[in-house]
Amino acid sequence: MPIPRSFYKRSTVLVARDLLGAVVRHGPLAGRIVETEAYLGEADEAAHSFAGLTRRTRVIFGPPGHAYVYLSYGLHCCLNFVAEPDGRPGCVLIRALEPLEGLDQMFLRRPRARKPRDLCSGPGKLTQALGVTLEHYGADLTRGPLTVEPGESGGFDIGVSTRIGITRSAELPLRFFIRDNEHVSRR
DNA sequence: CAATAGATCATCT
DNA sequence: GATGATCTATTGC
């Protein structure tokens with residue numbers, strides 16, 4: 001059973017932290033979330049939604065529990081989950097997964113990968129490994145084909161740091177990751 | 001191992 | 001016409 005929409009209808013920071021350990025599934029492909037970043041609606045200049053409501057950011061202002069996918073640097077898709085109640089902006093960037101199921105197919109999608117660690121240890125890598133594209137923009141995470149399932153909660157320490165790869169609002173501690181997990185990006 | 005350059009395009013001004 | 005919430009190969013130590 002996918003995680004219910006009520007899970008996402010909370011503050012973006014809580015959703016980002018609590019997503020650690022949950023499982024992202026796309027058909028036979030699945031991975032455990034080990035690293036996330038929160039992008040807030042207000043007072044966060046790094047968030048795409050900071051620019052206001054546009055065609056690209058419209059889903060971020062919509063109901064929670066949907067996918068926000070965007071193209072990064074013209075090459076990579078990045079996967080986010082929309083949080084906060086309907087009408088309020090906020091989303092969580094999925095930065096890294098621990099591959100669980102369908103490793104064979106992931107290796108086929110990522111020919112350069114040598115080890116399992118190379119498959120999903122970055123926001124652009126995991127979308128390529130899972131086959132997530134711009135077509136998943138707005139997809140309902142409670143229904144599929146892209147879903148999020150509860151994982152084994154607890155049993156790990158949560159680390160907090162500043163976010164990676166941004167210039168504005170760079171000092172905010174909005175990156176969450178599972179401590180000592182080797183699939184976290186930029187180890 | 002660290003630093004750097006190049007690829008490449010949807011979106012917004 | 002400018003701008004990236006990135007990845008990879010390559011260079012140089």
Side-chain angles (χ1 to χ4, degrees), chain A residues 8 11-17 19-20 22 24 29 31 33-62 64 66-84 88-99 103 106-139 141 146 148 159-178 182-187:
Chain A
Y8 303 96
S11 82
T12 308
V13 170
L14 283 183
V15 174
R17 194 195 62 191
L19 274 172
L20 293 177
V24 179
L29 310 176
I33 299 175
V34 298
E35 180 181 354
T36 64
E37 282 180 358
Y39 285 86
L40 313 180
E42 302 153 3
D44 181 3
E45 299 184 53
H48 290 165
S49 56
F50 187 76
L53 186 56
T54 66
R55 174 162 62 248
R56 184 174 67 155
T57 63
R58 129 188 148 263
V59 71
I60 306 176
F61 289 82
H66 292 260
Y68 165 52
V69 185
Y70 72 92
L71 188 69
S72 176
Y73 293 93
L75 296 165
H76 311 283
C77 292
C78 291
L79 173 65
N80 298 249
F81 298 159
V82 176
E84 305 280 343
R88 294 181 54 86
C91 65
V92 177
L93 172 67
I94 308 304
R95 281 198 59 88
L97 302 176
E98 175 181 336
L103 289 261
M106 291 188 192
F107 274 110
L108 290 179
R109 291 182 184 279
R110 287 185 48 72
R112 306 294 169 76
R114 293 284 167 198
K115 323 175 285 294
R117 184 187 297 171
D118 303 327
L119 291 174
C120 299
S121 55
K125 297 180 189 177
L126 69 92
T127 54
Q128 195 183 6
L130 286 185
V132 172
T133 69
L134 289 181
E135 294 180 4
H136 293 90
Y137 180 93
L141 300 170
L146 189 62
V148 186
V160 183
S161 78
T162 55
R163 294 171 293 183
I164 292 176
I166 58 171
T167 54
R168 296 171 303 181
S169 297
E171 73 287 356
L172 302 177
L174 294 176
R175 172 173 175 256
F176 303 90
F177 56 95
I178 295 182
E182 64 173 12
H183 296 277
V184 169
S185 69
R186 308 245 186 132
R187 299 177 10 87

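Order of the sequence lines sets the chain letters (A, B, ...), proteins ahead of strands, with each chain counted from 1.
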Atom CD of A/Glu45 and atom OH of A/Tyr39: how far apart are they, to the nearest 0.5 Å?
13.5 Å

Okay, side chain of A/Arg88, backbone of A/Gly41: is any donor-acceptor separation there less than 3.5 Å?
no

Using the criterion of both pairing distances under 3.5 Å for Watson-Crick and G-U wobble pairs, give all stems of 3 or more consecutive pairs involving DNA chain C.
B:1-7 with C:6-12, B:9-12 with C:1-4

What's the CD-P distance between A/Glu135 and B/dA10, to the nearest Å?
13 Å

Figure out the CZ/P separation between A/Arg58 and B/dT11, and round it to whole Å.
10 Å

Between A/Tyr137 (OH) and B/dC9 (P), how many Å, whole number?
20 Å

Non-hydrogen atoms of A/Leu29 and A/Ala129 that approach each other most closely
CD1-O, 3.6 Å

Describe the nucleic acid contact of A/Arg175 in one word from base, sugar-phosphate, nothing, applying a heavy-atom distance below 4.0 Å.
nothing

For chain A, the stretch of DNA chain C it reaches, first to last nucleotide, under 4.0 Å of its heavy atoms
C/dG4 to C/dA9

Map A/Leu134 and A/His76 onto DNA chain B by nearest heavy atom, then report which one ends up closer to the 5' terminus.
A/His76

A/Arg56 near the nucleic acid: base, sugar-phosphate alone, or nothing, with a heavy-atom cut-off under 4.0 Å?
sugar-phosphate

For the side chain of A/Thr57 and the backbone of A/Ile60, is there at least one donor-acceptor N/O pair under 3.5 Å apart?
no

Can you list every salt bridge (charged side-chain N to carboxylate O under 4.0 Å, His left out) pair that touches residues 163-172 of chain A, not counting sequence neighbours?
A/Asp44-A/Arg163

The residue, A/Ile164 or A/Arg112, whose nearest nucleotide of DNA chain C is more 5′ is A/Ile164

Under 3.5 Å donor-acceptor, A/His66 side chain and A/Gly138 backbone:
yes

Using whole Å, report how far CG of A/Leu75 lies from P of B/dT8.
7 Å

Check: A/Thr36 side chain, A/Val92 main-chain N or O, donor-acceptor pair, under 3.5 Å
no

Give a yes or no answer on whether the side chain of A/Glu37 reaches the backbone of A/Ile164 with a donor-acceptor pair at less than 3.5 Å.
yes

